[in-house]
Amino acid sequence: MMFDNENDYLKGLNEVQQQAVINTEGPVMIIAGAGSGKTRVITYRIAHLLKNGVDAFNILTLTFTNKASREMKERIATLIGGSEARNLWMGTFHSVFAKILRIESERIGYQNNFTIYDTADAKNLIKSLIKENGLSDEVYKPNLVYNRISGAKNNLVSWQAYQNNKELVAEDYSSQKPQLGKLYELYQKRLFASAAMDFDDLLFNTNVLFRDCPDLLSKYQHKFKYVMVDEYQDTNYAQYLIVKKLAAAFENVCVVGDDSQSIYAFRGANIQNILNFKKDYPEAKTFALEQNYRSTKVIVNAANSIIKNNQNQIKKNVWTDNLEGEKIKVLRTFSDTEEGWNVAQNIFDIKNNAQARNKQFAILYRTNAQSRAMEEALRKMSIDYRVYGGLSFYQRKEIKDLLAYFRLALNPNDEEALKRVINYPMRGIGQTTIDRIVLAAGENGKSMWEVIENVTAYNTGINSGTTAKINDFVAMIKSFGVMIPAQEAYPVAEHIAKHTGIMRELYNDKSPEGVSRYDNIQELLNGVKEFTDDDLVRTATEQLPEEPVLAGNEKSLAYFMQDIALLTDSEQKDEDGKEADKVTLMTIHSAKGLEFPYVFVVGLEENLFPSQMTLNNREDLEEERRLFYVAITRAEKKLMLSYATSRFKYGQLINCEPSRFLDEIDQQFLDLPSAPKKSNLFDDDETGGWGNRGSFGANSFTKKTNYTPQSVNKPLPPKPVPVAVPKNLTRLTSNTGGSAVADEIPNLSLGNLVEHARFGNGQIVALEGTGPNQKATIDFGANGKKQLILRFAKLKVVG
DNA sequence: GTATTATCTAAGTCT
DNA sequence: TAGATAATAC
């Protein structure tokens, strides 16, 4: 331990924080406002427990996301030292209980080498079931079916209970989907036959385990004498019950959360869990952390003015001693593309004016699709960035393909993996054959693997040529299976990558995408190698039970797969190990728990944020509002909110209205785009109706607002020239006489000498595009050749 | 069984 | 728009 003296580590905490740290016995609820030092309290609490002689192995800390768990682990390690930290049980609900199930699953009839299906696997399985049962995928949309089943599992409703529940059945009848209960049953049975669990099963089956095996429940109750749950407002019923059961013996349960930041109801999170904590534990002590240490007064108060529009909440008073700070800047642009440019330009300016680093900036959005416009603009302005979320490394096709071989070698009954690779790379086992195998499997109550293992024993009608190909495939998979327990992960993985022909296939594809796929495979193999070579110092959650439960030793491929099964975001390390200086792009959901000095929240438009799907009922809309609350409370120094008056959706331009959330912020905290000018054509409403908001009546926001370019407040470059406009913006730009920013584009031709504020003098060597998009390649001599967007470059023609 | 073309439809957030 | 699927040709 780092601290010899008790005061040392309590000194840095305020009164309430100290109380939250030292009250370690009995149930405790900590209501932690945004930026109130929540993580600090949790880590100090753990340190306090350890200092008072509690064994690290007896402390379980559950988080919600991998990122949160990672960050918490790091903070703990700095606080108490790495070796002690390693013995703590800490992880997401899913990963902790996946590991426990890995050890105990045989007690509930699951083999312990079960595969974990991700959402894509699960939806594919559902698609197959819909097809096999002759149902229409128009009526039974796989997404909907999946969500329905997921919802049931999160509430611990088994398929049997589902089918016996009159209310649920009636709902399905009235929505014209009477087969949902049956699909749920088939889905579970097929998962079981494939020895697979989906994400929800990890929680569901943990509950089954604790319900049906009291000895195991007792074992884990005594193992985890202290249970801490972060982001408790986001727990669903399945998680709630696990926590309740685990804590039943000692009741040393500490939940930390903020009802204002509950943003996962769509995933079954039940905000009542935190609202009702006092009912479950009447003797619970409650601590409210209300002092915000993160943000300026402007930001904190603006956030408060937003959240007070929600009815359903625990009253609290978040305040701060920090500086007043700058007003929240509102950016208005007329297209999503320009929104990107505007944000990029603002980042550029702030970087220059405030000596800020890239990593101090975050751009937050409601949907992943919005990242593209931002990325393009940042790329063109040579600002380094990193996009979090979206399609993760492990979800790429080539990675899933190779992993499917690994999965299959470990668990040949894994049907989704089998289907994925039985004909990839192509080996002449086509759709017809696969259909026949599926049919035979269904008729005989066998898995697909059991059928192909002995094809000739079944009446499939598959010809002898294809049979031979199937036999080769089976033999290959079996040979992989034999290698796994005998060898470490890397040689096996490499062998599989080569032997299946995946490497060759991708190597021969010389298209840029093909090359990148090949690189990705190499990267995955490097990951395996690292796993194999690392002298593993495992954290408690990764530690093995007394006897190995998976094939081979802890460096086998089986353990590698366990490690990555629940990683949906890739932990991108930077090559040279130094911390990357990059702008962060992520959804608001994944930004929860993080903070940045400069934050842009983009796409503040009706139907986007709040999302169209949430406008129908109060609960959903309040969740969107909490999401907005989360977004703005990420900012420390300066917050910028941006919206566009038109945006591409489904490949076509649609008009957008500013978000109602902009109206809800107390306007005294906003720095609105400057006052209207008579001549400003943006004032003209006939192009789109950004100004009238129908039922929302007079929109103070749009009434007061008028757009003047935010990004151009510096000396103007030479006289603008009329520019051709890109065709998809024709209507808007012709109305406005060209993009507001494009007005400043100088008329350039090849060979012109120009002056740039940063790069100095240069010569135009190439011109590309027209209008606002015009790019020039300029040779700045010693400063190199740069490609610049003219609308931003602020070039002065000098010759 | 495979390759190419035509047509459709979806972008909501995370484990 | 773009990725996914269905239809068609080979």
Side-chain angles (χ1 to χ4, degrees), chain A residues 62-69 91-98 116-124 127 131 137-138 141-144 146-147 150 153-154 197-204 231 234-236 238-239 262-269 336-337 364-373 388-392 394-395 397 423-435 462-463 465-466 469 513 564-569 586-593 603 607-615 620 623-624 626-628 630-631 647-654 728:
Chain A
L62 295 168
T63 63
F64 232 74
T65 60
N66 290 310
K67 206 184 303 130
S69 152
T92 63
F93 273 91
H94 289 85
S95 70
V96 166
F97 297 110
I116 298 171
Y117 276 8
D118 66 15
T119 312
D121 295 321
K123 285 183 184 165
N124 283 335
K127 263 185 226 166
K131 213 175 206 173
D137 59 359
E138 293 287 307
K141 295 206 169 89
N143 253 320
L144 183 141
Y146 177 81
N147 288 332
S150 174
K153 287 193 209 176
N154 286 331
M197 296 192 199
D198 67 15
F199 289 144
D200 302 316
D201 284 332
L202 296 173
L203 305 175
F204 186 93
E231 309 284 11
D234 287 330
T235 49
N236 59 37
Q239 292 164 321
S262 162
I263 55 175
Y264 282 100
F266 72 92
R267 220 175 79 194
D336 45 356
T337 314
L364 307 180
Y365 35 78
R366 176 67 234 268
T367 67
N368 278 306
Q370 289 167 258
S371 74
R372 224 175 71 186
Y388 290 76
L391 193 62
S392 89
Y394 296 103
Q395 290 168 323
K397 182 190 177 304
N423 199 33
Y424 177 81
M426 274 190 285
R427 49 174 70 86
I429 306 175
Q431 198 52 52
T432 320
T433 307
I434 294 170
D435 289 345
I462 295 169
N463 67 38
T466 310
K469 290 169 190 162
E513 301 82 33
I564 64 162
L566 292 164
L567 283 188
T568 47
D569 58 344
M586 55 169 61
T587 62
I588 301 163
H589 280 90
S590 44
K592 190 161 70 156
N607 299 330
L608 179 60
F609 192 17
S611 159
Q612 192 169 10
M613 299 165 213
T614 63
L615 302 179
D620 286 353
E623 176 150 314
E624 289 292 283
R626 292 192 295 268
L627 190 59
F628 186 49
V630 168
R647 177 179 297 276
F648 277 96
K649 214 174 193 180
Y650 308 128
Q652 68 193 56
L653 198 61
I654 55 151
N728 47 23

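Here is how names work: the chains are called A, B, and so on, in the same order as the sequence lines, proteins then strands, and each is numbered from 1.
Between His589(A) and Tyr264(A), some side-chain heavy-atom pair lies under the 4.5 Å cut-off.
One interatomic measurement links the two molecules: CG of Leu144(A) to P of dA11(B), which rounds to 14 Å at whole-angstrom precision. Distance CG (Leu364(A)) to P (dG12(B)): 19 Å, rounded to an integer number of Å. Rounded to an integer number of Å, the gap from Arg267(A) CZ to dC14(B) P is 9 Å. With rounding to whole Å, Glu231(A) atom CD is found 14 Å from dC14(B) atom P. To the nearest angstrom, P of dT1(C) lies 17 Å from NZ of Lys649(A). Whole-Å rounding puts the Asp435(A) CG to dA6(C) P distance at 12 Å. Going from atom CZ of Phe648(A) over to atom C1' of dA2(C) covers 14 Å, rounded to whole Å. The separation between Gln395(A) atom CD and dC14(B) atom P is 10 Å, rounded to whole Å.
Defined by atom type and a distance below 3.5 Å, a donor-acceptor pair is present between the side-chain atoms of Ser590(A) and Thr587(A). Side-chain atoms of Thr466(A) and Asn463(A) form a donor-acceptor pair, as typed in the model, at a separation below 3.5 Å.
Distance check on atom C1': dA6(C) versus dA11(B) gives 22 Å, rounded to whole Å. Using C1' as the reference atom, dG12(B) and dT5(C) are 23 Å apart when rounded to the nearest Å. dT13(B) and dA4(C) have their P atoms separated by 16 Å, with the value rounded to a whole Å.
Remark on DNA chain B: of its neighbouring residues Thr92(A) and Thr433(A), the 5'-side contact belongs to Thr433(A), judged by nearest-heavy-atom nucleotide. If Asn423(A) and Ser611(A) are placed on DNA chain B by their nearest nucleotide, the residue sitting closer to the 5' end is Asn423(A).
How far CD of Glu623(A) is from CG of Asp620(A): 7.0 Å, rounded to the nearest 0.5 Å.
When distances run from any side-chain atom of Tyr650(A) to the nucleotides dA10(B), dA3(B), dC14(B), the shortest one goes to dA10(B). Among the nucleotides dA3(B), dT15(B), dA11(B), the one closest to any side-chain atom of Ala369(A) is dA11(B). When distances are taken from the side chain of Glu138(A) to each of dT9(B), dA3(B), dT15(B), the shortest belongs to dT9(B). Here dG1(B) is the nucleotide among dT15(B), dG1(B), dT13(B) with the atom lying nearest to any side-chain atom of Thr432(A). In this structure, the nucleotide among dA2(C), dA6(C), dA3(B) sitting nearest to the side chain of Lys131(A) is dA6(C).
The two residues Asp234(A) and Phe64(A) come nearest to each other via the heavy atoms O-CZ, 2.6 Å. When all heavy atoms are compared, the tightest approach of Leu566(A) to Asn66(A) is O-ND2, 3.1 Å.
Evaluation of Phe266(A) against the base of dT13(B) yields a stacking contact (centre distance < 5.5 Å, interplanar angle < 30°).
Looking at Arg366(A), its side chain comes within 3.5 Å of the base of dT13(B) through a donor and an acceptor atom.
Residue contacts shown for Tyr264(A) are limited to sugar-phosphate atoms, with no base heavy atom under 4.0 Å away. Among the atoms of the strands shown, none is found under 4.0 Å from any heavy atom of Glu623(A). Using a 4.0 Å heavy-atom criterion, one finds that Thr119(A) contacts the bases of the nucleic acid, with or without backbone contacts as well. If you check every strand for non-hydrogen atoms under 4.0 Å, Gly430(A) touches sugar and phosphate atoms only. If you check every strand for non-hydrogen atoms under 4.0 Å, Lys127(A) touches sugar and phosphate atoms only. Contacts of Thr614(A) with the nucleic acid, taken as non-hydrogen atoms under 4.0 Å apart, include base atoms.
Considering only side-chain N and O atoms, Asn368(A) lies under 4.0 angstrom from the phosphate OP1 or OP2 of dT13(B). Distances shown here put a side-chain N or O of Thr587(A) below 4.0 Å from the OP1 or OP2 atom of dC14(B).
When the options Asn236(A), Asp200(A), Asp201(A) are evaluated for a side chain to side chain donor-acceptor pair (under 3.5 Å) with Lys153(A), the one that passes is Asp201(A).
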